[in-house]
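See structure below.
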Amino acid sequence: MSNPSILILAGDGIGPEVMGEVKKIIGWYGDKRGLHFDVSEDLVGGCAYDKHGTPLHDDTMAKAQEVDAVLLGAVGGPKYDNLDFSVKPERGLLRLRKEMDLFSNLRPAQCFDALADFSSLKKEVVAGLDIVIVRELTSGIYFGEPRGIITEGNERVGINTQRYTESEIARVARSAFELARKRNNKVCSMEKANVMESGILWRQVVTEIHDKEYPDVELSHMYADAGAMQLCRWPKQFDVIVTDNLFGDLLSDAAAMLTGSLGMLPSASLGAPMANGRPKALYEPVHGSAPDIAGQGKANPIACILSFAMALRYSFDKGDEATRLEQAIEKVLADGVRTADLLGPEGGKPVSTSEMGDKIIEALDASL
Ligand code: IPM
Ligand code: MG
């Protein structure tokens, strides 16, 4: 049987640096655990635009459809701010999500003990935090029609449309309920049913799927603005949060920051099962391309490495190896190893991106 395949799209900004550390980890699994992957690499985002005049070449799109998992770094940067909207780096990422139909975006927010002091919230509010936001990723206002900037009379009008079909809501709801069953069996669904029809339908469909198929899971509903407030007030009340594309974008950045640094959080974007029974999947850190620190060896590679851990778990059925990698990261943090983003006001000497990767590999070695 051939090795499982991975397509690496490191992208822009700090993407290639943090992905460099993931490549070391992939190498470690080959050498030390006999887990070999067929790894190929390609371009996405600004770097793809520079080479091909498009943020995602059709050949790259076709490759992404064929592999067992895509690992993505980050896209975008100030250099591309004035490009036409249709070729902006972000369009490459959105095309991947849409054409691979990756409707379920899992964004865990987990607070590592060693970093509990580092959150902007009080330690008791965040210590031990372990929640997952399930964000709908292929529909809603990001993709709804009509959209555009038109002229009406003597002024311009910007238009985007929030649109959800019943089946789109149902499938992401199922993925949240399935996940909750493997965790603490609680789902909180967030929308704005008080002001949006799409929110009313969202609430109805989530409730129907719950009552028919997942009555054993505890379900609650919150308006998304109140949800944002509750996330800051007492995040540990949540287990799984399911929400739409735009609210999920906002709530997941907020949830990420609860844990101390955006540089820590991975994500998995999952679609329908492929012939091998595994979902089509793309893994990427929640953070962006951080152009201000790109190329300086300052970036924290942990979010990207944890995204690979999610790939081990969800695409390669290696939950035990994923846990090994997560524990290695926990160990390194407990030892006080910090990239610059993880230094508190008291300062200290940060390690570089590649030193962090090396420390994680040492901890993996020690786990054998
Ligand atoms: C994210 C990002 C993206 C989004 C951008 C880069 C298109 O913010 O993955 O959260 O808005 O979905
Ligand atoms: Mg975002």
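Whatever order the structure lists ligands and atoms in, that order sets their numbers, starting from 1.
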closest protein heavy atom to atom 1 (C) of ligand 1 is Arg107 NH2, 3.3 Å
Item to check | Close N or O approach (Asp253, ligand 1; < 3.5 Å) | outcome: no
Notebook entry, point to check: Would you say Glu284 touches ligand 1, if touching means a heavy atom closer than 4.0 Å?
Noted result: no
Look at Asp68 together with Arg278 and state whether they make a salt bridge at an N to O cut-off of under 4.0 Å.
no
(request) For the pair Asp358 and Lys24, find out whether any cationic side-chain nitrogen is under 4.0 Å from an anionic carboxylate oxygen. (result) yes
If the threshold is 4.0 Å, N to carboxylate O, is there a salt bridge linking Lys280 and Asp101?
no
Atom 2 (C) of ligand 1: closest protein heavy atom, distance to 0.1 Å, is Asp249 OD1, 4.0 Å
Among N, O or S atoms, Asp249 approaches the Mg ion (ligand 2) most closely through OD1
A student checking ligand 1 against Arg135 at a 4.0 Å heavy-atom cut-off should list atoms 1 (C), 4 (C), 9 (O), 10 (O), 11 (O), 12 (O)
If you scan protein heavy atoms around atom 6 (C) of ligand 1, the nearest is Glu90 CG, 3.8 Å
Item to complete: Using a strict 4.0 Å threshold on nitrogen-to-oxygen distance, state whether Lys359 and Asp335 make a salt bridge.
Response: no
* Asked: Between Glu284 and Arg97, is there a salt bridge with N-O shorter than 4.0 Å?
  -> yes
Practice item. Indicate yes or no: does Lys182 engage Asp239 in a salt bridge with an N to O separation below 4.0 Å. Key: no
Quiz item: Ring centroid separation for Tyr283 and Tyr314, is it under 6.0 angstrom?
Solution: no
So for His287 against ligand 1, with non-hydrogen atoms under 4.0 Å, the contacting part is neither
Review point. For the residue pair Phe177 and Tyr214, does the interplanar ring angle fall in the parallel (under 30°), tilted (30 to 60°) or perpendicular (over 60°) class?
Key: parallel
closest protein heavy atom to atom 11 (O) of ligand 1 is Tyr142 OH, 2.5 Å
With heavy atoms and a 4.0 Å threshold, my read on which part of Arg91 contacts ligand 1 is neither
So for Lys88 against ligand 1, with non-hydrogen atoms under 4.0 Å, the contacting part is neither
